[in-house]
Novice: 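Sending over a structure as structure tokens; questions will come in a sec.
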Amino acid sequence: MEILANVLVALVAALHFYILVLEMFLWQRKPGMSFHGFDAEMARRTAPLAANQGLYNGFLAAGLVWGLVAGDPTGFRAQVFFLSCVIVAGVYGAATANRRILFAQALPGALALAAVLLAR
């Protein structure tokens, strides 16, 4: 179960690193614009907001990686904390921005958190 938990945490970290790249560096390019269905003007106007969001996603990814490499009890606690942040951000994003965030962010975070807690 510990291996499964670590794999799920790593996948959630990779997802948030991908979101960082998408929102900070690809927002005004085809991958970023097509992801949200924005035209070039809307992407240009929202780029600073997206970059800010991307930075926060990077912090989530960094915290999850820290949780994977740190020894216990710090590693376990970091994973629980940052996965909880991922879930809260996903639920909030689904409620305020787009329902698919619930499935793309909160659900993977919840599955990883469940695995981490069960592996303990």
Novice: Identify the heavy atoms of Met33 and Ala40 that sit nearest to each other, and give their distance.
Specialist: SD-CA, 3.5 Å

Novice: I'd like to know if Val80 and Trp66 are part of one continuous hydrophobic network [Ile/Leu/Val/Met/Phe/Trp/Tyr, side-chain heavy atoms within less than 4.5 Å].
Specialist: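 Same hydrophobic cluster.
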
Novice: For residues Asp72 and Arg120, determine if any side-chain heavy atom of one lies less than 4.5 Å from a side-chain heavy atom of the other.
Specialist: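 Asp72 vs Arg120: side chains touch.
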
Novice: Does one hydrophobic cluster hold both Val116 and Val12, with members joined at side-chain heavy-atom distances below 4.5 Å?
Specialist: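 Val116 and Val12: one cluster.
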
Novice: Could you please spell out the steps behind the side-chain contact (heavy atoms from CB on, under 4.5 Å) verdict for Leu117 and Phe76?
Specialist: CA-CA 9 Å; Leu117 294 173; Phe76 171 76; 3.9 Å; yes

Novice: Look at the aromatic rings of Phe38 and Trp27 and report parallel, tilted or perpendicular, splitting at 30° and 60°.
Specialist: perpendicular

Novice: Take Gln105 and Arg100 through the test side-chain contact (heavy atoms from CB on, under 4.5 Å) and record every step on the way to the result.
Specialist: CA-CA 8 Å; Gln105 183 176 359; Arg100 71 181 180 190; over 6 Å; no

Novice: Between Gln79 (side chain) and Gly67 (backbone), is there a donor-acceptor pair under 3.5 Å?
Specialist: yes

Novice: Apply side-chain contact (heavy atoms from CB on, under 4.5 Å) to the pair Asn57 and Leu60, showing each step before the final yes or no.
Specialist: CA-CA 5 Å; Asn57 279 288; Leu60 292 173; 4.2 Å; yes

Novice: Between Asp39 and Arg44, is the closest basic N to carboxylate O distance under 4.0 Å?
Specialist: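 Salt bridge absent between Arg44 and Asp39.
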
Novice: Should the heavy atoms of other residues, nucleotides or ligands under 6.0 Å from OH of Tyr56 be counted, would the total exceed 12?
Specialist: no

Novice: Without swapping roles, check the side chain of Arg29 against the backbone of Phe25 for a donor-acceptor pair under 3.5 Å.
Specialist: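 Yes.
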
